[in-house]
> 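Submitted below is the structure of interest, expressed as structure tokens.
Nothing here was measured: the structure is a model prediction, and the numbers come from that model. When reading the values below, keep in mind they use all heavy atoms of this one structure, side chains included, and skip hydrogens, waters and symmetry mates.
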Amino acid sequence: MLDVLIRGGTVVSPQSSSRFDLGIQDGRIVVFATPNSVDLAATRIIDAQGKYVVPGGIDAHVHFNIALSPVMRAQSAKPGGRAAAFGGTTTFIDFALQSGASSLIKAIEDKQAEIAHDKPDVDYALHSMVTGKTSFEVLDEVPEAISGGVSSFKMFTTFSSASASGALFADDGRIWGLMQQTAKHGGIAMVHCEDDCIIDFCVHKLYREGRQQAPHIHEARPNLCEEAAIMRMLLLARRSGSPLYVVHVSSLEGVEAIAEARGKRHPVYGESLHNYLAFTNEDYARPNGMIYHNYPALKSPKDRAALWQALASGILDVTSSDDFTIPFAQKTSGKEVDNAPGGHNGIETRMAYLFSEGVKSGKLSINRYVDVSSAAVAKLFGLYPRKGAIAIGSDADIVIIDPNLKRKLTLADLHSDCDYSIWDGWEFDGFPIMTMVRGNILVENGKWTGPEGIGQFVPARSPSEPS
């Protein structure tokens with residue numbers, strides 16, 4: 001007898017959308033058949049006619065428990081994982097923070113222990129975040145990290161001095177050194193691309209003009225600073241032979257730089273955030289407008305349109321949340337362009353926003369939706385096909401979406417540990433109605449129905465090319 005049988009839903013992959021019946025046993029998909037072609041008993045039979053059945057969302061970019069500065073202290077993985085499940089995300093990828101000469105392997109082990117202690121409700125993988133004046137000994141630990149299931153390594157071209165985000169900057173030499181290791185040992189380099197020198201000049205210019213107030217932050221961190229840093233990182237990646245993943249691309253110029261490299265068949269990939277697809281720098285002028293801020297800063301409506309086009313065309317591969325949930329008082333504590341905190345509680349709204357504003361509005365096909373929300377993430381970060389696919393043998397991480405369900409979310413509907421949300425009052429056209437992790441039905445019709453604390457660490461392998 002099957003544990004679960006899902007009948008008649010439209011099963012979606014990046015390549016196809018067709019009605020199938022799915023059978024689940026012991027946490028894996030074991031039956032994939034045309035509707036009503038098999039007569040199998042199941043403990044639970046789910047009628048999914050008229051619904052989309054998609055791979056569970058994978059959020060490639062979240063921050064739980066991390067403390068970058070006194071004001072930037074993120075929520076734990078317990079409420080973060082619960083919010084993920086309610087929003088249709090079944091796996092998140094967090095970051096193990098390594099600093100300076102401290103051990104990379106110990107940072108990973110400590111982060112694994114920390115998340116396990118939190119007992120999240122969904123599965124998780126890890127990136128390494130390599131910051132500061134990295135030593136040769138740290139770079140020597142990269143092969144061990146990769147063999148241990150962490151194959152992606154993030155560095156920063158900004159935050160070189162005191163800021164709300166702390167001191168995370170790594171110089172180009174150290175980034176190049178890390179890329180040589182990822183190229184040699186089958187990893188992937190991730191870079192936060194903003195040019196620190198251009199930012200420093202712009203910040204001083206705004207102070208000189210008396211316009212240092214936080215709502216001018218997009219002028220302190222203009223499109224040029226992203227473009228310049230991406231161009232440098234593309235050069236280092238090309239010379240080292242490493243795949244490059246540019247996190248949270250925010251500008252038209254950033255998109256164009258990636259497109260040019262992709263046209264030359266270089267292994268470079270790009271991510272955007274769903275809040276960059278929803279908001280622009282015009283929102284800084286709203287009351288408490290800095291709640292919409294993240295790093296890089298929000299850009300213009302023209303940039304936002306370019307991000308949507310790049311996701312649809314395949315220039316950008318992934319949409320993440322960059323969830324970094326802090327209370328309202330901390331979020332709005334920075335009053336100047338050089339001390340404004342970033343971050344927002346986005347893990348719960350990512351899947352619904354992409355469906356509502358992407359698929360239902362015609363910006364994305366349903367197949368592309370599955371790619372940028374799950375499949376491409378799994379491939380780039382070595383989780384595929386265990387994750388990111390509805391296929392025989394894959395984990396039964398499944399989300400059922402009702403394309404006709406309209407929901408207006410309020411803060412009270414959300415599950416992150418936070419006292420505000422930029423998504424408060426947002427109206428969604430289409431919404432996840434069921435979330436399954438390894439065959440466990442965690443959320444059904446907006447209510448928690450499953451076991452708690454079942455999240456497992458998923459070791460990553462080397463990246464593969466997204467479709």
> Indicate the ring-plane relationship of H63 and F324, choosing parallel, tilted or perpendicular according to the 30° and 60° boundaries.
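Tilted, since the angle between the ring planes falls between 30° and 60°.
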
> Any salt bridge between R7 and D21, counting N to O under 4.0 Å?
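Salt bridge: yes.
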
> I'd like to know if the side chain of N345 pairs up with that of Q75 as donor and acceptor (distance under 3.5 Å, no hydrogens or angles considered).
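No donor-acceptor contact under 3.5 Å links the two side chains.
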
> Would you please indicate yes or no on a ring centroid separation below 6.0 angstrom for Y369 and Y52?
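Ring-ring flag for Y52/Y369: false, centres at least 6.0 Å apart.
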
> Check whether any side-chain heavy atom of K111 sits under 4.5 Å from a side-chain heavy atom of L97, and report yes or no.
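No. Closest side-chain heavy atoms not under 4.5 Å.
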
> Taking the inter-plane angle between the rings of Y276 and H248 on a 0 to 90° scale, is it parallel (under 30°), tilted (30 to 60°) or perpendicular (over 60°)?
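Ring orientation of Y276 relative to H248: perpendicular.
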
> May I ask you to say whether R262 pairs ionically with D317, meaning some side-chain N is under 4.0 Å from a carboxylate O?
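Salt bridge between R262 and D317, a charged N being under 4.0 Å from a carboxylate O: yes.
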
> State, without any angle test, whether S321 and H274 hold a side-chain donor-acceptor pair at a distance under 3.5 Å.
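Their side chains do not contain a donor-acceptor pair, so the 3.5 Å distance test is not met.
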
> Which residue pairs pass the salt bridge (charged side-chain N to carboxylate O under 4.0 Å, His left out) test when at least one of the two sits in residues 263-278, sequence neighbours left out?
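As it turns out, the salt bridge (charged side-chain N to carboxylate O under 4.0 Å, His left out) pairs with a partner in residues 263-278, which skip direct neighbours, are E260-K264.
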
> Does a side-chain N-to-carboxylate-O contact under 4.0 Å join E109 and K106?
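Salt bridge between E109 and K106, a charged N being under 4.0 Å from a carboxylate O: no.
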
> Could you list the residues that satisfy ring pair (Phe, Tyr, Trp, His ring centres under 6.0 Å) with F279, not counting sequence neighbours?
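Testing F279 for ring pair (Phe, Tyr, Trp, His ring centres under 6.0 Å), a comparison that skips the adjacent residues, returns Y292, W423, W426.
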
> With sequence neighbours left out, what residues match D3 under side-chain contact (heavy atoms from CB on, under 4.5 Å)?
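side-chain contact (heavy atoms from CB on, under 4.5 Å) list for D3, sorted by chain: Q25, D26.
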
> In a check of side chain to side chain contact (heavy atoms under 4.5 Å, CB included) between V11 and each of V54, V370, V53, which one passes?
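Of the listed options, the one satisfying the test is V53.
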
> Assess the pair F64 and F92: is the distance between their ring centroids shorter than 6.0 Å?
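Distance test on ring centres: under 6.0 Å, yes.
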
> Output a table of donor-acceptor pairs, distance under 3.5 Å, between side-chain atoms of residues 149-158 and any protein atom two or more places apart or on a different chain; print 'none' if there are none.
unit_1: S151; atom_1: OG; unit_2: R461; atom_2: O; d: 2.8
unit_1: S152; atom_1: OG; unit_2: H127; atom_2: ND1; d: 2.6
unit_1: K154; atom_1: NZ; unit_2: H61; atom_2: NE2; d: 3.4
unit_1: T157; atom_1: OG1; unit_2: H192; atom_2: O; d: 3.1
unit_1: T157; atom_1: OG1; unit_2: E194; atom_2: N; d: 2.9
unit_1: T157; atom_1: OG1; unit_2: E194; atom_2: O; d: 2.6
unit_1: T158; atom_1: OG1; unit_2: D196; atom_2: OD1; d: 2.8
unit_1: T158; atom_1: OG1; unit_2: R221; atom_2: NH2; d: 3.1

> Indicate whether the side chain of S421 and that of D424 have a donor and an acceptor atom separated by less than 3.5 Å.
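Not at all, the side chains of S421 and D424 share no donor-acceptor pair under 3.5 Å.
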
> Under the salt bridge (charged side-chain N to carboxylate O under 4.0 Å, His left out) definition, can you give me all pairs with a residue in residues 135-148, not counting sequence neighbours?
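Checked against salt bridge (charged side-chain N to carboxylate O under 4.0 Å, His left out) - neighbours excluded - no pair reaches residues 135-148.
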
> With a 6.0 Å cut-off on ring centres, are F428 and F355 close enough?
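That pair fails the under 6.0 Å test.
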
> For K363, check salt bridge (charged side-chain N to carboxylate O under 4.0 Å, His left out) against everything at least two apart and list the hits.
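Result, salt bridge (charged side-chain N to carboxylate O under 4.0 Å, His left out) vs K363: none returned.
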
> Are M436 and V4 side-chain neighbours, meaning at least one heavy-atom pair lies under 4.5 Å?
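With C-beta onward as the side chain, the pair touches.
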
